[in-house]
Amino acid sequence: MDQSSMNKRQVGKAWEHQVAEYLRREGYTILFMNYRTRFAEIDIIAQDREELVFIEVKYRHDSKKGTPLEAVTPSKQKRIYNAAKFFLMEHKYDIENTCIRFDVVGVEGDKTEHIKNAF
């Protein structure tokens, strides 16, 4: 992917689409991309068998400013968690009986790392 003429937001969106394709190949059903609330944006919401998965995608060209996974700080996790609760209520999921998990997919250069149940 030629990123030289893209701004930071465009690069992020391009990688989110690449990760969505990876997840599809892994058997996930993509339900929403870039779901926004007043709390946060959830990059990808997908179904993995019986689990509803909220996925944060982080890209870094290299690790000079830290790894992609380090960028998902506790405060970022809390914002995603609150956005996920809002999503569940807005879409009328049975919160008590819906299996959910939070994954992080970190992309550094050409290396992709998928952490299930990241937080």
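Residue numbers run from 1 in the order of the sequence given.
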Least distance between heavy atoms, Ala46 atom then Ile30 atom = CB-CD1, 4.0 Å

query = Shortest non-hydrogen contact from Ala84 to Ile42?
reply = N-CD1, 3.7 Å

inquiry  = Between Tyr22 and Tyr28, is there a side-chain heavy-atom distance shorter than 4.5 Å?
reply    = no

ask   = Is any side-chain heavy atom of Phe119 closer than 4.5 Å to a side-chain heavy atom of Val104?
value = yes

message = If we ignore hydrogens and angles and just use 3.5 Å, is the side chain of Asn82 paired with the main-chain N or O of Phe39 as donor and acceptor?
response = no

remark   = So CD1 of Ile45 and OG1 of Thr29: to nearest 0.5 Å the spacing works out to 13.5 Å

query = If you look at every heavy atom in His91 and Phe32, which pair is closest and at what distance?
reply = NE2-CZ, 3.5 Å

note = Rounded to the nearest 0.5 Å, the CD1 atom of Ile100 sits from the CG atom of Asp48 at a distance of 13.5 Å

request  = Establish, from distance only, whether the side-chain atoms of Tyr35 and Glu90 form a donor-acceptor pair under 3.5 Å.
outcome  = yes

request  = For residues Phe86 and Thr37, report the shortest heavy-atom separation together with the two atoms involved.
outcome  = CD2-CG2, 3.6 Å

task = Can you label the angle between the Phe102 ring and the Tyr81 ring as parallel, tilted or perpendicular, going by 30° and 60°?
result = tilted

query = Is a salt bridge present between Lys13 and Glu41, judged by a nitrogen-to-oxygen distance below 4.0 Å?
reply = yes

inquiry  = Do Val53 and Leu23 have side chains that approach each other closer than 4.5 Å (heavy atoms only, starting at C-beta)?
reply    = no

query = Do the non-hydrogen side-chain atoms of Arg79 and Lys76 ever get within less than 4.5 Å of each other?
reply = yes

message = With rounding to the nearest 0.5 angstrom, report the CD1 to CD distance, Ile55 to Glu16.
response = 11.0 Å

request  = Please check if Val72 and Phe87 belong to a single hydrophobic cluster, counting links between Ile, Leu, Val, Met, Phe, Trp and Tyr side chain heavy atoms closer than 4.5 Å.
outcome  = yes

query = Do Ile44 and Tyr59 belong together in a cluster built from hydrophobic side chains that touch within less than 4.5 Å?
reply = yes

ask   = Is there a donor-acceptor pair under 3.5 Å between the side chain of Gln47 and the backbone N or O of Arg49?
value = yes

ask   = Is the shortest heavy-atom distance from the side chain of Lys58 to the side chain of Leu69 under 4.5 Å?
value = no

inquiry  = Could you see if Phe54 belongs to whatever hydrophobic cluster contains Tyr93? Use Ile, Leu, Val, Met, Phe, Trp, Tyr and a side-chain cutoff under 4.5 Å.
reply    = yes

query = Hey, mind stepping through Leu52 and Leu88 against side-chain contact (heavy atoms from CB on, under 4.5 Å) and telling me if it holds?
reply = CA-CA 10 Å; Leu52 185 62; Leu88 292 167; 3.6 Å; yes

request  = Identify the two heavy atoms, one from Met33 and one from Ala20, that lie closest to each other, and give their separation to 0.1 Å.
outcome  = SD-CB, 3.8 Å

key: Least distance between heavy atoms, His114 atom then Asp103 atom   = NE2-OD2, 2.8 Å

